[in-house]
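Every chain is numbered from 1, with letters handed out A, B, ... down the list of sequences. What you see below is based on every heavy atom in this structure, not just the backbone, and it leaves out hydrogens, waters and symmetry mates. Keep in mind the model is a prediction, meaning the values are calculated, not measured.
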Amino acid sequence: MSSSRSVVTNRKLGVVQKWSHTLIPTTREAPKDAEVPSHVMLHRAGYIRPVGAGIYDYLPLAWRVLQKIQDIVREELNAAGASELLMPALEPFELFKDTKRDETYGDNLFRVKDRKGRMNALAPTHEEVITDLMIGCINSYKQLPLNLYQIQTKFRDEARPRAGLLRCREFIMKDAYSFHTTVEGAGGLNTTYDAMYRAYTNIFTRCGLDFSAVEAESGPIGGSASHEFMVNCVSGEDTILKCPVSGYAANVEKCEVGPRPAPSKGYFAGEPTGTLEEHHTPGLPGIDDVAAFMKVKPENMLKTIVFKVDSTPEDLAKYGEEWIVAVVRGDHDVNEGKVRDASGCKVKLADIKEAEAKGFAIGFVSPRAVVGKKGVLMLVDRDAAVGFDDKKGKSMFWVTGGDKKDYHVKHFNWQRDLGKDPMDAASHLSDKGFPTGSLRGDDKYLMVADIRNALPGDPSPRAANTALVAGRGIEVGHIFKLGTKYSQAMGLIVADETQQKHPVIMGCYGIGVSRTMAACVEMSHDADGIVWPAPLAPYHVLITMVDIKNEAQQTLAVKLSKELSEQGVDVLLDDRDERPGPKFKDADLIGIPVRITLGEKAMATGGVEFKLRKSKDKGEVVAIDAVVAKAIAAING
RNA sequence: CGGGGUGUAGCGCAGCUUGGUAGCGCGUUUCGUUCGGGACGAAAAGGUCGCAGGUUCAAAUCCUGUCACCCCGACCA
């Protein structure tokens with residue numbers, strides 16, 4: 001055994017674990033509060049146990065899976081040029097005050113008071129800590145670029161922890177931070193970002209996951225500055241849209257809608273379909289309720305959402321309070337990020353009381369509400385900015401709010417009922433052919449833009465005549481171009497060749513390690529239990545002795561375990577004094593990829609039974625001296 | 001934070017309406033018979049009914065408060 005004790009070795013031995021010597025508390029039933037498959041399976045198979053809301057023990061099997069994920073993460077990040085370090089989970093609260101994240105993170109930040117009465121935070125992420133570290137270590141461009149990462153427990157006081165390991169208050173995360181003097185060129189942020197994108201692709205591919213890399217809500221630098229890595233599975237809580245031709249994929253929060261032809265008669269143009277009728281619509285909370293009551297389809301309604309501009313103190317002094325009113329079709333959803341981008345203003349959903357004081361009858365607002373109000377820009381989604389239905393070849397029929405409580409109107413017409421002609425107000429066309437307006441202009445109070453969430457069936461933004469298709473996913477990784485947000489706020493400044501001082505440009509890159517384990521189970525399980533991809537399985541091979549008292553089986557179990565582990569295979573040996581039934585049930589539950597069963601019948605013919613967890617058949621008998629090679633081939637295959 | 005729900009043995013549940021000495025299944029322990037997909041028989045251990053008040057001769061059960069957990073929504077670098 002001397003070789004295995006060598007300090008320097010190129011061998012990696014597998015482990016052999018006897019089931020009776022470890023803790024695998026399988027259960028027939030899951031706790032009633034476990035609903036999602038990963039939660040049920042990880043509990044029943046003895047991987048996790050709840051400690052509190054959103055807090056779990058990782059039992060030996062789970063910890064082995066987590067370590068395998070971490071090993072892959074380390075190898076790929078090290079190969080991508082990153083260095084591992086470890087920062088504390090506990091940090092002084094002042095660090096969060098510098099970047100105002102004590103406010104922006106809000107109640108999600110765990111706060112801990114120490115014996116001296118000083119406030120500390122349990123870190124939800126480490127931008128502040130690492131920026132503070134770098135301030136003390138880095139002062140020249142010659143020391144950059146750098147890419148540093150850690151794998152560590154993170155804390156977030158989630159409003160509602162749920163779905164087992166998928167949304168926890170304490171979880172394991174890999175977080176990386178890169179530091180640069182430039183965005184472009186050698187050593188720039190983009191180079192590292194691309195390297196991390198490749199590293200993430202390698203990591204999730206090596207984990208055996210079916211995943212998509214999708215564009216996510218952009219960072220402060222703009223462009224495609226953020227990508228999410230999503231495990232594809234129907235139970236995912238995020239909706240993603242993909243273009244089947246170009247490979248473009250994006251989170252629904254971000255997804256662009258491809259070019260659509262402008263209305264044939266022009267935006268807003270169309271004859272009234274009838275006189276504007278007022279209808280009393282009491283006690284109808286949603287668009288669908290109103291639509292049903294008015295006997296129209298939601299797509300014939302206009303939904304009007306009031307945002308308030310999050311003004312800087314300077315703008316507030318100069319322009320006063322400013323508002324953005326977004327109009328979309330009733331069956332569409334307003335996308336706040338697109339409203340922000342189209343208007344060029346940071347916005348937030350208006351406070352109901354404040355908006356009502358301004359004269360917006362929240363819940364019953366129509367486009368008419370903006371007319372005559374100062375400091376209001378109306379953004380109209382292109383699908384709502386029409387008056388003529390080109391498909392039907394006749395003028396559109398709109399139902400919208402009555403601008404007073406419990407009233408809606410029918411036969412709203414853009415040109416007639418706004419009080420001003422919108423075609424005139426929005427007479428300037430953007431380079432995309434949209435009418436444009438501006439918040440601080442005089443009479444151009446409205447503009448047309450893409451401000452709604454994309455939907456399946458919408459045209460792809462990257463391929464002609466192609467429709468977007470929907471999928472669902474679980475976010476397991478996120479890479480992000482941070483820019484100078486933290487370096488500027490905290491003063492991480494370096495001098496360049498000409499002694500000019502610049503804030504350092506940063507990127508950050510996260511992987512939810514514990515969530516990846518759960519997402520993998522969501523993606524890969526059946527009615528009987530977990531089906532691990534070999535790279536993440538806690539053990540590669542499960543050897544089951546049908547009768548532990550049978551000496552031939554004992555001898556063979558030891559022999560096969562030794563041969564497999566010497567080849568680097570991790571072996572779990574079911575040596576429990578149980579009847580075969582429960583052993584097979586447990587084998588399926590815990591999901592080890594290869595099961596080798598030592599039983600009298602097969603051994604009488606010089607063989608053992610060999611079965612893959614993922615296959616539905618009953619397995620086959622394999623000659624004893626061929627089984628090691630066959631197992632390794634199956635694991636590597 | 002809004003809406004809904006649940007706390008009774010390790011797990012899953014019944015009992016509560018109509019107050020009267022706490023039960024079932026699984027699991028656990030022992031013995032026997034079994035032994036290839038969650039065996040059978042016998043015996044046994046295990047619960048201050050989430051917690052605190054109150055009503056009552058008497059509270060798992062009725063009342064008040066409180067805590068915990070879960071689900072839907074809001075939220076989610």
Query raised in the report: Distance between the C1' atoms of B/rU61 and B/rG25, in whole angstroms?
Result: 23 Å

Query raised in the report: How close or far is atom C1' of B/rC71 from atom CZ of A/R162, stated in whole angstroms?
Result: 10 Å

**Report entry** Which residues share a side chain to side chain donor-acceptor pair (under 3.5 Å) with A/T544, sequence neighbours left out
**Finding:** none

**Report entry** Euclidean distance for C1', B/rC26 against B/rA14 (whole angstrom)
**Finding:** 15 Å

Query raised in the report: Among side-chain atoms of A/H478 and A/S226, is any donor-acceptor pair under 3.5 angstrom?
Result: yes

Query raised in the report: If we ignore angles and hydrogens, is there a donor and acceptor under 3.5 Å between the side chains of A/T192 and A/N147?
Result: no

Query raised in the report: When the aromatic ring centroids of A/Y56 and A/H39 are compared, is their separation below 6.0 Å?
Result: yes

Report task. Determine the Euclidean distance between corresponding P atoms of B/rG54 and B/rU30; express it in Å to zero decimal places. Result -> 46 Å

Report task. Between A/R169 and A/F584, just flag the one whose closest nucleotide in RNA chain B comes earlier from the 5' side. Result -> A/F584

Query raised in the report: What nucleic acid atoms does A/E127 come within less than 4.0 Å of, heavy atoms only: base, sugar-phosphate, or nothing?
Result: nothing

Query raised in the report: Which comes earlier along RNA chain B counting from the 5' end, the contact point of A/P124 or that of A/R576, where each point is its nearest nucleotide?
Result: A/R576

Requested in this report: Only counting residues at least two apart or in another chain, list the ones meeting salt bridge (Lys or Arg N to Asp or Glu O under 4.0 Å) with A/E237.
Outcome: A/R167

Polar-atom pairs under 3.5 Å, protein N or O versus N or O of nucleotides 30-35 of chain B: list them with distances, or write none.
from: B/rU34; atom 1: O2; to: A/R579; atom 2: NH1; distance (Å): 2.9

Query raised in the report: How far, in whole Å, is B/rC24 from B/rG5 if one measures between their C1' atoms?
Result: 24 Å

Report summary line: Those residues at least two apart in sequence (or on a different chain) that pass side chain to side chain contact (heavy atoms under 4.5 Å, CB included) with A/S524 are A/V531

Report task. Just jot down the side chain to side chain donor-acceptor pair (under 3.5 Å) partners of A/R579, sequence neighbours excluded, or say none. Result -> none

Query - Any strand: nucleotide that pairs with B/rC35 via Watson-Crick or wobble, under 3.5 Å - result: none

Requested in this report: Have a look at A/A163 and say if it touches a base, only the backbone sugar-phosphate, or nothing, with a 4.0 Å heavy-atom cut-off.
Outcome: sugar-phosphate

**Report entry** Euclidean distance for C1', B/rG27 against B/rG10 (whole angstrom)
**Finding:** 7 Å

Query raised in the report: Expressed in angstrom and rounded to an integer, what is the separation of A/R28 atom CZ from B/rA39 atom P?
Result: 7 Å

Query - Spacing of A/N108 atom CG relative to B/rA74 atom P, expressed in whole Å - result: 15 Å

Query raised in the report: Of all residues at least two apart in sequence or in a different chain, which pass the side chain to side chain donor-acceptor pair (under 3.5 Å) check with A/H126?
Result: A/Q150, A/K154

Report summary line: With sequence neighbours left out, the residues meeting side chain to side chain contact (heavy atoms under 4.5 Å, CB included) with A/L455 are A/H332, A/R452, A/D458

Report summary line: Scanning all shown strands, the Watson-Crick or wobble mate of B/rA42 with both distances under 3.5 Å is B/rU30

Requested in this report: For the side chain of A/D588, starting at C-beta, report the closest nucleotide among B/rG37, B/rC76, B/rG36.
Outcome: B/rG37

Report task. Using a 4.0 Å heavy-atom cut-off across all strands, classify A/R44 as base, sugar-phosphate, or nothing. Result -> base

Report summary line: A/E620 meets the salt bridge (Lys or Arg N to Asp or Glu O under 4.0 Å) criterion, sequence neighbours left out, with A/K630

Query - Whole-Å distance separating the CZ atom of A/R167 from the P atom of B/rC70 - result: 14 Å

Requested in this report: Quick one: list whatever passes salt bridge (Lys or Arg N to Asp or Glu O under 4.0 Å) with A/K113, sequence neighbours left out.
Outcome: none

Query raised in the report: Rounded to the nearest Å, what distance is computed from the NE2 atom of residue A/H39 to the C1' atom of nucleotide B/rC69?
Result: 11 Å

**Report entry** For B/rG25, the Watson-Crick or wobble counterpart (both distances under 3.5 Å)
**Finding:** B/rC11

Requested in this report: Check every atom of B/rC76, B/rC71, B/rG27 against the side chain of A/E35 and return the nucleotide holding the closest atom.
Outcome: B/rC71

Query raised in the report: Atom NZ of A/K616 and atom P of B/rG37: how far apart are they, to the nearest Å?
Result: 18 Å

Query raised in the report: Looking only at atom C1', what distance separates B/rA52 and B/rC11, rounded to whole Å?
Result: 28 Å

Report task. Write down the partner of B/rC69 under the Watson-Crick or G-U wobble criteria, each distance required to be under 3.5 Å. Result -> B/rG5

Query raised in the report: Which letters describe nucleotides 1-15 of chain B, given B = protein heavy atom under 4.0 Å from base, S = only from sugar-phosphate, - = neither?
Result: -----S----SSS--

Requested in this report: Pick the C1' atom in B/rU8 and in B/rG50, then give their distance to the nearest Å.
Outcome: 10 Å

Requested in this report: For B/rG4 versus B/rA43, give the span between their C1' atoms, rounded off to a whole number of Å.
Outcome: 46 Å

Requested in this report: Tell me yes or no: between the side chains of A/T27 and A/R44, is some donor less than 3.5 Å from an acceptor?
Outcome: no

Query raised in the report: Looking at RNA chain B, which of residues 589-599 of chain A put a heavy atom within less than 4.0 Å of it?
Result: A/L589, A/R595, A/G599

Query - Partner nucleotide of B/rG20 by Watson-Crick or wobble geometry (both distances under 3.5 Å) - result: B/rC57

Requested in this report: Would you please classify the geometry between the A/W63 ring and the A/Y58 ring as parallel, tilted or perpendicular, with 30° and 60° separating the classes?
Outcome: parallel

Query - Length of the line joining A/E158:CD and B/rC70:C1', which is rounded to integer Å - result: 16 Å

**Report entry** Nearest-Å distance for atom pair CD/C1', residues A/E237 and B/rC72
**Finding:** 13 Å

Requested in this report: Give one of base, sugar-phosphate or nothing for A/M173, where a contact means two heavy atoms less than 4.0 Å apart.
Outcome: base

Report task. Using salt bridge (Lys or Arg N to Asp or Glu O under 4.0 Å) as the criterion, list what pairs up with A/D132, not counting sequence neighbours. Result -> none

Query raised in the report: So what does A/D175 touch, heavy atoms closer than 4.0 Å: a base, only the sugar-phosphate, or nothing?
Result: nothing

